[in-house]
There are 2 protein chains.
Amino acid sequence: MATMKDVALKAGVSVMTVSRVINSPDSVKSETKNKILSAMNDLKFHPNYAAKALVTNRTRTVHLLIPNQLETADPYLMTLIAGISDVLSKNYYAFLLRREWDSHYKCDGVIAMGLNEEEDQQLLEKMNIPCVLFGDTNLSIDCINVNDQKGGYDMTNYILQNGHEKIGIIVIDEDNTFPVKRYNGYQQALRDNDIPFNPNYVRYSNNTEGDGFTKALELLESTDITALFCLSDVLALGALRAAREVGKVVPKEISIAGFDGVLFDQVAEPHLTTMKQPVYEIGQALASELLTRIENPFKKVTKKLFDPKIMIRNSTSKLNKD
Amino acid sequence: MATMKDVALKAGVSVMTVSRVINSPDSVKSETKNKILSAMNDLKFHPNYAAKALVTNRTRTVHLLIPNQLETADPYLMTLIAGISDVLSKNYYAFLLRREWDSHYKCDGVIAMGLNEEEDQQLLEKMNIPCVLFGDTNLSIDCINVNDQKGGYDMTNYILQNGHEKIGIIVIDEDNTFPVKRYNGYQQALRDNDIPFNPNYVRYSNNTEGDGFTKALELLESTDITALFCLSDVLALGALRAAREVGKVVPKEISIAGFDGVLFDQVAEPHLTTMKQPVYEIGQALASELLTRIENPFKKVTKKLFDPKIMIRNSTSKLNKD
DNA sequence: ATTAGTGATGTTAACGGTAACATATTGTTA
DNA sequence: TAACAATATGTTACCGTTAACATCACTAAT
């Protein structure tokens, strides 16, 4: 492998001038620069990142901090990673998945998936390197998140526009903020449409297919809802099964909507109407945000919200007035 | 960050002795070693991998070479990456996804997903670093692959055991070897059970839901098959839809089986009987194989096959003799 | 013509480790 | 106890790059 020394020799200049061609090309006379550039080309020179890392204290490595609760193969996480990875790889950044923050292993930056505010806080206070958070925090850290409130609002609004007024909701009961935001969106949409909020239409559940089934069954058997908004696709899958169980045809007799837009939503039968989170794009955004933060550690903190996008498929329809 | 120099100073020895404690602990007197160890502990010393990389020519980075045809967010690929990543991360190896081999960017090893023999061959000849292939090749390279022939055989055999004799098959028509192997397994199982092979039961298709639908429709309408073996889950999904289209109840009137065991197979309705590839485990195996190869570049080449595992769910059943 | 200023390039040392060799210490044997 | 291994530790140079400073040539101003 050719080193800068080889290039310098071939171009008849000092190593430092070669270095300058790479790092501040404007400071080198164009005649000299051309000589060096063509020498680099001839020798197929590519910088040794290890040497560079040693002297600049830049590793070209990013750590992805992922919650213990999530499996690595979780489709949501994997899509996020795909987005992150595509951006990082393009910039020759390698990355490494970590389940906890270990400051001993050097990296240029961290992308953290927050779970709840407290954990975020604790975590971020320990780090003093560039960091971007998938989530929210009031700390001065770059954050990217999904606009869950808007997602909840828009979906509820869509269902209302279809003539439904009795809309059940299955909320996720978890130490995290997103379900509450989605739920708030639901309530706000009802208010804005002058539809009274009915607490009997609300169920809290774990985020599992099984619990979605149970809670949906309850609602279908004990209330007169014509639509059911599940705050995750996994729940909605359970609700779909519950509808089959009680013999209600989806969407003719009951509309069912989910939230997330994970891989299997299009495979469920009927295809699930859902709020798709732009997870891949968020991954990309997290990575590019981190890269710009690494470039410029003192830039203004940014907080970005990505709007989820409603995917209208055939688990929902206009209210059937019979 | 503490360096070896700091440790050496604190322990009252030379830097080299500290280095030895890390790399060949047995060569240091235990009294000295303890002094150094506790100094390292006090100072929270962790080696600087960049410096190490520079002098040892080891980067602690692995490149994943993924085919251009695959999306990064492909669930199959993502599960593989999850397995790889879990092993690499544990060993503090970072990784980087590349779509083509670029020898200029240093790494300690490469994991390549082969597509077809020719591509593999071309690729591997270019590389002269540790490499493990997900696929097959006659070159002397470590390979890990799925036993597709056995998968095809076992699934066909399972269907035969359920009394079916008229078994349709949708083969994938692609420049790749796995569909042929699965197809061979199908044929061999027929032979071993003395069931004549009927070419009318065979369709070739692209690996898409849509084409699966079309080809399944053809078979359902023009033949008397009682079971249909699709060489991928995506195809099987289309077949499921085709069965609904012609009003045949799955599995009562037609058994449908897939192959792959991807994320959505359990979500399809009815749940799909399939041959699950141990993709996550294969990812882990690829990574650990690579790490041992990096440790010992001259070890004997290994070729491993992982058996796929039949997941019997409710898209298949015993032949209904009416 | 002398001085100061500017732009282009070179020199030196350092980043934090390890390899190879040199030296010191200890133990073994005649 | 001298002589010699064997074992334990130290010294030096180097890996490939950049930062900081030094030098040089040339132009502009006095």
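Note on naming: letters A, B, ... go to the chains in the order of the sequence lines (proteins, then strands), and numbering restarts at 1 for each one.
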- Atom NZ of B:Lys29 and atom C1' of D:dG10: how far apart are they, to the nearest Å? 14 Å

- Message: Rounded to whole Å, how long is the line connecting atom CG of B:Asn57 with atom C1' of D:dG16?
- Response: 10 Å

- Report the residues that fulfil ring-ring contact (aromatic ring centres under 6.0 Å, His included) with B:Phe95, sequence neighbours left out, ordered by chain and then residue number. A:Phe95

All N/O donor-acceptor pairs, side-chain side in residues 73-80 of chain B, below 3.5 Å, sequence neighbours left out:
unit_1, atom_1, unit_2, atom_2, d
B:Asp74, OD1, B:Tyr76, N, 2.9
B:Asp74, OD1, B:Leu77, N, 3.1
B:Tyr76, OH, B:Gln277, OE1, 2.4
B:Thr79, OG1, B:Pro75, O, 2.7

- Message: Under the salt bridge (charged side-chain N to carboxylate O under 4.0 Å, His left out) definition, can you give me all pairs with a residue in residues 32-49 of chain B, not counting sequence neighbours?
- Response: B:Lys10-B:Asp42

- Could you tell me from which nucleotide to which nucleotide of DNA chain C, 5' to 3', there is an atom under 4.0 Å from chain B heavy atoms? C:dG16 to C:dA20

Once side-chain contact (heavy atoms from CB on, under 4.5 Å) is applied, do any residues pair with [X], and if so which ones, sequence neighbours excluded?
| X | result |
| --- | --- |
| A:Thr72 | A:Leu97, A:Arg99, B:Ala82, B:Asp86, B:Tyr280 |
| A:Ser38 | none |
| B:Asp6 | B:Ala2, B:Thr3, B:Leu43 |
| A:Ser140 | A:Val301 |

Please tabulate, one pair per line, each protein N/O and nucleotide N/O from nucleotides 17-27 of chain D that are separated by under 3.5 Å, including the distance.
unit_1, atom_1, unit_2, atom_2, d
D:dT17, OP1, A:Asn48, N, 3.0
D:dT17, OP2, A:Met4, N, 2.6
D:dT18, OP1, A:Asn23, OD1, 3.4
D:dT18, OP1, A:Asn23, ND2, 2.7
D:dT18, OP2, A:Ser19, OG, 2.4
D:dT18, OP2, A:Asn23, ND2, 3.4

- First of A:Lys33 and A:Leu54 reached from the 5' end of DNA chain C, by closest nucleotide: A:Lys33

- Task: Using a 4.0 Å heavy-atom cut-off across all strands, classify A:Thr17 as base, sugar-phosphate, or nothing.
- Result: sugar-phosphate

- Query: Per the end-axis method with five pairs at each terminus, what is the bend angle of the helix from C:dA1-D:dT30 to C:dA30-D:dT1, to 10°?
  - Reply: 50°

- Message: I'd like to check the salt bridge (Lys or Arg N to Asp or Glu O under 4.0 Å) partners of B:Lys304; sequence neighbours left out, ordered by chain and number.
- Response: B:Glu289

- Verify, without hydrogens or angle tests, whether A:Lys303 (side chain) and A:Thr137 (backbone) share a donor-acceptor contact under 3.5 angstrom. yes

- Message: Restricting to side chain to side chain donor-acceptor pair (under 3.5 Å), what partner residues turn up for B:Lys106, sequence neighbours left out?
- Response: B:Asn57

